[in-house]
Structure formats: structure tokens, C-alpha cells
Novice: 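So that we are looking at the same thing, I have put the structure below in C-alpha cells.
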2 protein chains.
Amino acid sequence: MMVLITYDVNTEDAAGKKRLRKIAKQCVNYGQRVQNSVFECVLDAAQCKQLQHTLLSIIDTEKDSLRFYYLGTHYQKKVEHFGAKPIYEQEGVLLI
Amino acid sequence: MMVLITYDVNTEDAAGKKRLRKIAKQCVNYGQRVQNSVFECVLDAAQCKQLQHTLLSIIDTEKDSLRFYYLGTHYQKKVEHFGAKPIYEQEGVLLI
């Protein structure tokens, strides 16, 4: 199934920036970065649970926000894109 | 239906920052800001078309990215949240 993962990480301090990098690094193992803080991952139930567990071990639950949207298997028709398509490298850094 | 709207706006210059504010301002008319660049809007087909039209008139399609995810009517079970829930004021500015 397609799982959309969105996050807001508080990057006011160095620890926050580190969390942000770690989250992106985990997410790219499972899917495609489509925007700066948005990943589309195709996961089975076990992978989803594993990724959730990993991400929850990284975020600061008092400062950061993490959301999962379960789009099912027929997700192609559920997504529409407009505008630029930035290209991200493997670790999720924007290539300019 | 629930429409999830995510966007990346290039805010390197003042014009970009202005576009970002304008987009947020439009989206709050239709829904709830759940993360910095993520809105959940409950829209009928006409409203969705209208909002899309408005947002497309704001973004710079060469620099900004805008995505719509159509989550249908039974969206409550399709969303899971972890961590902090920031509170945003009406125009979408984060309240700290």
C-alpha cells in the first residue's frame, strides 16, 4: 500500500536539524521524496510498522509532528501534482 | 471528500515568501493546517476545482511544487498522527 509520510521537525537547534536528516535518511530507504517534508512510500504492513517504530525513535514528540496517510493500493488516481518537481539525491538533500 | 494539500514553495526571495503566505491564506479558508506546508481540506468537487484554480494562479510553476491527495469520504481511519500538534492561527502563522 502507499503510505504518505509528512513531517514537521523543529529545527531551531542543531539537535533538530540532526533529527530532520535522520528522518529523511530513513524515509528514503522506503520511498520517494516528493517534497521537502513529504515522502511517498510503498510498504507492506510489516515494513510500515518497522518504519513507524524507527521514526518514532528519532522524533522529539514534544517538538516534532509526524503524520501517516494510508492511501491504499490504487493510489495513482488519488494524487495530482502541479508545478516544479525538485530532484532529491539519495539521502534526501535537494539538488539544485 | 478530504483533500490533502501539500506544497513546497521556493522562499529564497521576497516574492517566494509572499506566494507562501498567499497559499496558506487560501488554504485556511477551506481547511485545517496540520503541518507547516500540509493542509487537510474537506471539499466538494466544485470547491476543489476552485481552490486548485486559485492556488495555480499563485504558485510559480517553475519553482514551487503543489500536490493534491484525494482521500475520499472515509478518511478518518486513513490518517495517523504522532508527536506535537502545533496550533496555527487563522492566516496559517505558527503560534509559539
Side-chain angles (χ1 to χ4, degrees), chain A residues 1-12 16 19-20 23 32-40 43 45 48-49 51-88 92 94 96, chain B residues 1-12 16 19-20 23 32-40 43 45 48-49 51-88 92 94 96:
Chain A
M1 65 176 167
M2 158 78 90
V3 182
L4 184 74
I5 301 171
T6 69
Y7 52 84
D8 257 357
V9 173
N10 184 318
T11 54
E12 281 171 3
R19 292 197 303 279
L20 186 66
I23 290 174
Q32 173 73 23
R33 190 175 209 163
V34 293
Q35 286 178 346
N36 199 31
S37 300
V38 180
F39 278 85
E40 291 178 1
L43 306 171
C48 188
K49 207 172 167 182
L51 181 56
Q52 255 182 22
H53 181 263
T54 306
L55 296 182
L56 284 172
S57 73
I58 296 170
I59 70 166
D60 179 332
T61 53
E62 301 215 338
K63 293 179 177 175
D64 309 330
S65 158
L66 178 66
R67 290 176 83 83
F68 284 70
Y69 295 90
Y70 304 101
L71 302 189
T73 46
H74 305 291
Y75 53 84
Q76 287 90 346
K77 288 183 181 173
K78 296 177 183 166
V79 187
E80 223 171 345
H81 177 90
F82 302 95
K85 285 201 175 186
I87 301 160
Y88 295 94
L94 179 61
I96 298 178
Chain B
M1 63 175 167
M2 159 79 90
V3 183
L4 184 75
I5 301 170
T6 68
Y7 52 85
D8 257 357
V9 173
N10 184 318
T11 55
E12 281 172 2
R19 292 197 303 279
L20 185 67
I23 289 173
Q32 173 73 25
R33 190 176 209 163
V34 293
Q35 285 178 346
N36 198 32
S37 300
V38 180
F39 278 84
E40 290 178 1
L43 306 170
C48 187
K49 208 172 167 182
L51 181 56
Q52 254 181 23
H53 182 262
T54 305
L55 296 182
L56 285 172
S57 73
I58 296 170
I59 69 165
D60 179 332
T61 53
E62 301 216 336
K63 293 179 176 174
D64 309 329
S65 157
L66 177 66
R67 290 176 83 85
F68 284 69
Y69 294 90
Y70 304 101
L71 302 188
T73 47
H74 305 290
Y75 51 84
Q76 287 90 347
K77 288 183 181 174
K78 295 177 185 167
V79 187
E80 223 171 344
H81 177 89
F82 303 95
K85 285 203 176 186
I87 301 161
Y88 293 94
L94 179 61
I96 299 177

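Residue numbers start from 1 in every chain, and the chains themselves are labelled A, B, ... in the order their sequence lines are given, proteins ahead of strands. The basis for the numbers below is simple: all heavy atoms, side chains too, and nothing from hydrogens, waters or symmetry mates.
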Novice: Which value, rounded to the nearest 0.5 Å, describes the distance between A/Met2 atom CE and B/Tyr69 atom OH?
Specialist: 6.5 Å

Novice: Locate the shortest heavy-atom distance separating A/Thr6 from B/Val38; write the atom from each residue and the value.
Specialist: CB-CG2, 4.1 Å

Novice: What closest approach, in Å, do A/Ser65 and B/Ala84 show between heavy atoms, and which atom pair accounts for it?
Specialist: CB-O, 3.3 Å

Novice: Among B/Leu4, B/Leu71, B/Asp60, which residue has the highest count of heavy-atom pairs closer than 4.5 Å to chain A?
Specialist: B/Leu4

Novice: Quick one: pull up CG in B/Asp64 and CD in A/Gln35 and give me the separation to the nearest 0.5 Å.
Specialist: 10.0 Å

Novice: So B/Phe68 and A/Phe82, ring-ring contact (aromatic ring centres under 6.0 Å, His included) or not? Walk me through it.
Specialist: CA-CA 8 Å; B/Phe68 284 69; A/Phe82 302 95; 5.7 Å; yes

Novice: Give the minimum heavy-atom separation between A/Val79 and B/Arg67, together with the two atoms involved.
Specialist: CG1-NH2, 3.4 Å

Novice: So what's closer than 4.5 Å to chain B heavy atoms on A/Glu62: side chain, backbone, both or neither?
Specialist: backbone

Novice: Nearest 0.5 Å, what's the CG-NZ distance between A/Asp8 and B/Lys85?
Specialist: 13.5 Å

